[in-house]
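What follows is a set of notes on a single structure, which appears directly below.
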Amino acid sequence: MSAAVVAPLAAVLLVSGLPAVAATPVVLPAAAPPSGEPEDVTPARLPDASATPAQVEQERLTTPSPSPDSGGARQVSSPDPLKLVAVTWTGPAPQLVEMRSRLVTGLFGPWTRVDPVDTERDGKRSASTGTEPVWVDQSREVQVRASTNGQPETQRVALTSIDPGTSSNDARIAAAATTPGGATGSPSSPAVVTRAQWGADERLMTWTPEYTPTVRAVTVHHTAGTNAYTAAESAAIVRGIYTYHARTQGWGDIGYNVLVDRFGTVFEGRAGGLARSVIAAHAGGFNRETFGIGMMGDFTSVAPPAATIEATAQLAAYKLGGLYRDPAATVTLTSSGGGTSRYPAGRAVSLPTVFAHRDVGATECPGNTGVRSMPTIRSRTAALVGNLASYPIRQKWLTLRTVIGEPSVVESPTARSARVTRFSAGNGAIYWSQATGARAVYGSIGSRYDALGAAGSALALPRSDELGAPDGRGRYNLFQSGSIYWTPQTGAWPVRGPILTKWGQLGYERSSLGYPKGDQRAVAGGQRQDFERGYLRLNTATGVVTVNS
């Protein structure tokens, strides 16, 4: 695409029902986009999964057999594989929590520090908390120990195990979900394994999707679990994390917006739509206006695999490029406070547009080697986004920012080989195609256009921005196959086809008929449209339009 230079919006007194002044951004409703406007997220080539429900157990801790390195430990021995486990407690978190599991060799692995959950749903902290969950796969024995200031506290911790069940897609997910999309315009997403495809049990989902007016930054995490998992186990780990966050932590959904495994496979996380500005629970105090990517693994001392870094950068480029944010810039975010935040509520913090969780939270996430990978993720993201000045919709948005607010839904393909971005205020949307260029629709005219089906409607694409009518009373947009006219008295109504042609011959709104006050409707032998001072009637057999005033 090449960008046209767009002249600044002329000052107007009125725009189809909204003052032409700085608009207060509003949270978008959870409704689906208008017909013909899919979200630009490429789903994996997989059917919906059939999955067995996850099983959560509070395991019984017993004293292990004495050994030189088992001091202060308690043990779980289970007849069944423990799969995903987490240490939980009530009251203050122990200063140190460690875990180890019996390996296939018959020996226990090394003691490994397990950090407290370092994600948080704003305002929904529960009295009971715990560590990040750890994948132990087929192990049937796990030992844990906890201490504060060197004093044992294992007696007040518990072990929760989660069997995430199996899904019909588990063994074939890796091969189906690693090819990036190829749409023109802003970067498209890599292929995504959707919630339905990885087998999310939506009965656990008690957190209705919440939206923020825009996303300004991407937060990079690691899940702090094992690095030793197979491609066929990735979906089970995601189901386990989902169950742990939704049930054990009491959030009602998974905390990350999206997760990436060590093979570069991308999994949809928090419900609500990856193209939209969904509030998740991934960075307490900074969950709003951020998009959380969880790299699956522990990157404290092991570097994230190249496939993980590439998929993370593709996701960051999709989100930031599609919302016209510069990945190489800095952004100012305001903390809402909370238990894991490094900053009190109300503190404005300057951050890289792509930042690590530890930049805002009291956490080691995404691990030391994960942090060392951040410059690579940023530079790759910036390369994928490219030159933002070449994005035609962005150029148009900058002339209308005080009217339509911030980009809220990622630039996406729509009907008629066009692109569309939706904005946070004034029901704003900007459409682009080679034939029409970038054109804005908003206010009451935008609402009517959406109700008709937007780009998929009979009006097709807008070919003008909203304009003031010559009589000074109304506003209108021109479309490829018609127009929508609005006044405060009549509302917004489309006029198209032979009725529009006849109305134009009569002088449009300055004719004796005035403005339309309803849509065309079927009558015997044709179509009729009412105006302020009469109506036009189309005889569909003859094509003749008669005036009745």
Side-chain angles (χ1 to χ4, degrees), residues 1-12 15-16 18 20 23 25 28 33-34 36-40 183-188 213-215 275-277 317-326 385-450 452-457 459-468 475-484:
M1 291 183 190
S2 61
V5 176
V6 182
L9 180 69
V12 293
V15 294
S16 65
L18 293 172
L28 292 178
E37 294 191 12
E39 293 183 348
D40 188 17
T184 57
S186 62
S188 56
T214 193
V215 165
R276 307 185 70 197
S277 300
Y318 160 72
K319 196 69 178 182
L320 296 174
L323 296 175
Y324 316 125
R325 309 299 183 188
D326 183 355
V385 170
N387 182 12
L388 284 171
S390 69
Y391 289 27
I393 291 179
R394 175 182 178 270
Q395 297 299 92
K396 173 65 69 174
W397 163 56
L398 293 177
T399 71
L400 289 167
R401 197 169 188 171
T402 58
V403 175
I404 61 176
E406 299 299 303
S408 192
V409 180
V410 168
E411 182 181 308
S412 304
T414 187
R416 307 181 195 278
S417 301
R419 307 278 295 176
V420 61
T421 305
R422 293 194 160 266
F423 296 84
S424 63
N427 196 46
I430 298 177
Y431 293 81
W432 176 91
S433 75
Q434 289 282 5
T436 60
R439 303 295 181 182
V441 187
Y442 43 86
S444 296
I445 290 176
S447 296
R448 179 62 61 187
Y449 184 51
D450 286 348
L452 294 169
S457 71
L459 291 172
L461 297 171
R463 59 186 180 91
S464 78
D465 296 331
E466 186 175 298
L467 302 168
R475 311 274 309 163
Y476 68 98
N477 270 78
L478 301 176
F479 296 84
Q480 289 176 305
S481 299
S483 303
I484 296 178

Spacing of [X] atom [atom1] and [Y] atom [atom2] [to the nearest 0.5 Å]:
{"X": "Ser483", "Y": "Arg463", "atom1": "OG", "atom2": "CZ", "value": "6.5 Å"}
{"X": "Ser457", "Y": "Arg416", "atom1": "OG", "atom2": "CZ", "value": "6.5 Å"}
{"X": "Leu388", "Y": "Arg394", "atom1": "CG", "atom2": "CZ", "value": "5.0 Å"}
{"X": "Arg475", "Y": "Ser444", "atom1": "CZ", "atom2": "OG", "value": "11.5 Å"}
{"X": "Arg401", "Y": "Lys396", "atom1": "CZ", "atom2": "NZ", "value": "16.0 Å"}
{"X": "Ile445", "Y": "Glu466", "atom1": "CD1", "atom2": "CD", "value": "4.0 Å"}

Measure from the side-chain N and O atoms of [X] to the backbone N and O of [Y], and report whether any donor-acceptor pair falls under 3.5 Å.
{"X": "Arg439", "Y": "Leu461", "result": "no"}
{"X": "Asn477", "Y": "Ile484", "result": "no"}
{"X": "Trp397", "Y": "Gly405", "result": "yes"}
{"X": "Thr214", "Y": "Pro407", "result": "yes"}
{"X": "Ser424", "Y": "Glu406", "result": "yes"}

Any idea which heavy atoms bring [X] and [Y] closest together, and the distance?
{"X": "Ala435", "Y": "Gln480", "result": "CB-NE2, 4.4 Å"}
{"X": "Ile404", "Y": "Ile430", "result": "CD1-CD1, 3.9 Å"}
{"X": "Thr414", "Y": "Ala455", "result": "OG1-CB, 3.7 Å"}
{"X": "Leu400", "Y": "Ala440", "result": "CD1-CB, 3.2 Å"}
{"X": "Pro187", "Y": "Ala317", "result": "CG-O, 3.7 Å"}

Flag side-chain contact, heavy atom, 4.5 Å: [X] against [Y]:
{"X": "Arg419", "Y": "Pro413", "answer": "yes"}
{"X": "Tyr442", "Y": "Val403", "answer": "yes"}
{"X": "Leu398", "Y": "Tyr324", "answer": "no"}
{"X": "Asp450", "Y": "Arg422", "answer": "yes"}
{"X": "Thr399", "Y": "Asp465", "answer": "no"}

| task | Using the six-membered ring wherever Trp is involved, compare the ring planes of Phe479 and Tyr449 and label them parallel, tilted or perpendicular (cut-offs 30° and 60°). | result | tilted

